[in-house]
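Have a look at the structure that comes next, please.
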Amino acid sequence: MKKFLLILSCFIGINASAQEELKKDSVVADTVKYWSVMGKNTLMINQAAFSNWVGGGANNVGWLAGVNYNITYEKDKDLWENIIILGYGQNDTKGLGIRKTQDVINVSTNYGRKFSKSWYFSSGAGLQSQFAAGYEDGNNPEAKKISNFMTPGYLNVGMGITYRPNDDLTVTLRPINARWTFVLDKDLQTAGSYGLKNDGDTSLLQFGFLGTAIYKLKIMEDIYLTNTASVFSNYLDRPDRLVLAYGALLNLKVNKYISSNVTVDLLYDHNQIEKTQLKQTLGIGFAYTLDNGVKRSDRKDSQWWIKK
């Protein structure tokens with residue numbers, strides 16, 4: 001009997017130890033991150049050379065560098081999204097000299113607190129400008145200067161609601177939005193320039209409605225299209241004169257380090273010029289994408305913190 005009890009106790013001990021090891025092995029580490037960083041760094045170069053070419057042409061070389069980052073914080077009902085887009089490029093053509101081909105500063109932040117499925121009360125700010133001076137006649141430095149760093153510069157600060165059903169679509173509506181237009185270049189601080197009321201003014205304050213949207217689309221494998229759009233209406237002066245903007249970025253990925261980008265930008269702003277503005281770029285070159293891991297919103301199996 002004693003031998004039986006001894007064998008039974010040993011068996012129970014071994015079984016309990018095995019169950020404890022099984023529990024440890026079955027525990028899956030939570031790899032979900034509250035912070036996610038997705039970014040793309042690009043450097044594109046283009047060049048053309050001619051020698052005794054009957055069809056004609058001018059030797060030229062150009063480059064374009066840019067960064068595009070999305071830094072997001074998601075926890076419980078909080079959503080904080082930050083976007084940084086910077087780009088600058090030049091082209092040197094024989095007989096014409098150096099001309100600017102790309103120049104953009106676009107930084108924005110938006111915080112939201114979820115109140116319903118995919119809907120957030122939100123507030124945020126955004127800054128848009130450029131790095132260097134721009135000139136008439138194709139950015140010819142000898143021509144009349146028409147823009148510069150923070151000339152114009154646009155700062156939007158407001159609050160409203162954000163609709164974000166997934167990472168591919170974000171729509172923000174701000175019925176309360178202040179829009180400052182900055183003209184810091186003294187040479188361009190004249191009445192009428194970018195809406196300035198008087199000579200020597202450095203800024204113009206507008207108050208109105210701002211709507212923005214971002215929609216990302218996967219056309220096919222390694223081909224992506226990102227659409228951005230915005231509309232602003234000034235409550236205080238001619239609300240019918242809308243400031244409209246649309247941008248499209250088509251990214252064709254060749255491999256991990258090489259990709260091609262096509263961009264199209266449309267803008268209508270009565271205070272700048274009473275015509276629709278168009279900008280288009282095409283480039284191929286080196287691109288490095290940074291992705292620090294799976295975002296919480298991508299882990300549907302881990303969304304225990306969302307009340308269904």
Side-chain angles (χ1 to χ4, degrees), residues 36-42 44 64 66-72 74 79-89 101-110 112 118-120 122 124-130 154 156 158 160-175 177 179 208-233 242-254 259-269 272 275-285 287 289-291 295 297-298:
S36 66
V37 180
M38 297 185 67
K40 186 173 184 179
N41 308 284
T42 58
M44 298 185 177
L64 173 65
V67 297
N68 189 328
Y69 275 75
N70 185 305
I71 305 171
T72 304
E74 295 178 88
L79 172 64
W80 183 21
E81 189 168 24
N82 305 276
I83 297 175
I84 302 173
I85 301 174
L86 306 173
Y88 191 79
T101 57
Q102 176 77 305
D103 192 356
V104 59
I105 299 173
N106 191 339
V107 181
S108 65
T109 181
N110 191 63
S118 303
W119 290 93
Y120 300 79
S122 64
L127 175 66
Q128 294 177 309
S129 189
Q130 61 191 53
Y154 298 102
N156 284 284
I161 58 174
T162 295
Y163 175 66
R164 191 175 186 271
N166 52 59
D167 288 343
D168 295 328
L169 176 63
T170 302
V171 179
T172 298
L173 305 175
R174 294 180 186 164
N177 187 87
R179 183 178 190 253
F209 167 85
L210 176 66
T212 62
I214 301 176
Y215 178 57
K216 303 174 184 178
L217 175 66
K218 180 179 179 180
I219 298 177
M220 59 180 64
E221 191 66 28
D222 294 329
I223 300 179
Y224 301 89
L225 176 64
T226 301
N227 301 274
T228 60
S230 68
V231 55
F232 176 78
S233 175
L242 303 178
V243 179
L244 304 171
Y246 169 76
L249 169 61
L250 180 65
N251 178 254
L252 299 89
K253 183 178 179 181
V254 178
S259 68
S260 178
N261 288 336
V262 180
T263 68
V264 176
D265 292 283
L266 293 170
L267 172 65
Y268 180 83
D269 186 345
Q272 289 192 12
K275 294 181 180 179
T276 300
Q277 302 178 50
L278 169 66
K279 180 180 69 173
Q280 185 273 324
T281 65
L282 167 64
I284 184 169
T289 300
L290 173 66
D291 187 346
K295 297 176 66 175
S297 59
D298 291 334

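Since the model is a prediction, treat every value here as computed from it, not as a measurement.
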Rounded to the nearest 0.5 Å, how far apart are CG of Asp168 and OG1 of Thr226? 9.0 Å

Answer yes if the side chains of Arg174 and Asn110 hold a donor-acceptor pair under 3.5 Å, and no otherwise. yes

Measure the CG-OG1 distance between Leu64 and Thr101 for me, rounded to the nearest 0.5 Å.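 Spacing of CG (Leu64) from OG1 (Thr101) equals 6.0 Å.
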
From the list Thr170, Leu79, Ile161, side chain to side chain contact (heavy atoms under 4.5 Å, CB included) partner of Tyr120 resolves to Leu79

Could you tell me if the side chain of Val243 sits less than 4.5 Å from the side chain of Tyr154, heavy atoms only?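 Side chain of Tyr154 against side chain of Val243, heavy atoms only: no contact under 4.5 Å found.
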
Search all heavy atoms of Ser122 against all heavy atoms of Thr162 and return the closest pair with its distance.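 Distance-wise, the nearest heavy atoms are OG-OG1, 2.8 Å.
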
Min side-chain heavy-atom separation Leu86-Ile105 under 4.5 Å: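 Side chain of Leu86 against side chain of Ile105, heavy atoms only: contact under 4.5 Å found.
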
Apply the test side-chain contact (heavy atoms from CB on, under 4.5 Å) to residues Tyr246 and Asn227: give CA-CA distance (whole Å), side-chain angles for both, the deciding distance (0.1 Å), then the verdict. CA-CA 7 Å; Tyr246 169 76; Asn227 301 274; 2.6 Å; yes

For a quick test of your reading: what N or O donor-acceptor pairs under 3.5 Å do the side chains of residues 208-224 make, sequence neighbours left out?
{"from": "Lys218", "atom 1": "NZ", "to": "Glu221", "atom 2": "OE1", "distance (Å)": "3.3"}

Interatomic distance, Asp265 atom CG to Gln277 atom CD [nearest 0.5 angstrom]: 10.5 Å

Rounded distance (nearest 0.5 Å) linking atom OG of Ser259 with atom CG of Leu252: 8.5 Å

Flag side-chain contact, heavy atom, 4.5 Å: Val104 against Gln128: no

Heavy-atom closest contact (Met44 atom, Gly283 atom, distance):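 Looking at all heavy atoms of both residues, the closest pair is SD-C, 3.3 Å.
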
Quick check: closest heavy atoms across Leu282 and Ser260, and the distance to 0.1 Å? CD1-OG, 4.1 Å

Pairs in or reaching into residues 101-110: which pass salt bridge (charged side-chain N to carboxylate O under 4.0 Å, His left out), with residues at least two apart or in two chains?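 Residue pairs with at least one partner in residues 101-110: Lys100-Asp103.
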
CG of Asp167 to CD of Glu74, rounded to nearest 0.5 Å, is 6.5 Å

Return the minimal non-hydrogen interatomic distance between Pro165 and Tyr163, and the atom names on each side.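 Closest approach of Pro165 to Tyr163, heavy atoms only: CD-CE2, 3.5 Å.
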
Does any part of the side chain of Leu242, heavy atoms only, come nearer than 4.5 Å to the side chain of Tyr268, both counted from C-beta?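 Of all side-chain heavy-atom pairs linking Leu242 with Tyr268, none is under 4.5 Å.
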
Taking the side chain as everything from C-beta on, heavy atoms only, tell me whether Val264 gets closer than 4.5 Å to Leu278.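 Sidechains of Leu278 and Val264: in contact.
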
Pairwise distance CG(Asn70) to CD1(Ile85) - rounded to 0.5 angstrom: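 Spacing of CG (Asn70) from CD1 (Ile85) equals 9.0 Å.
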
Close side-chain approach of Thr281 to Asn261, heavy-atom, < 4.5 Å: no

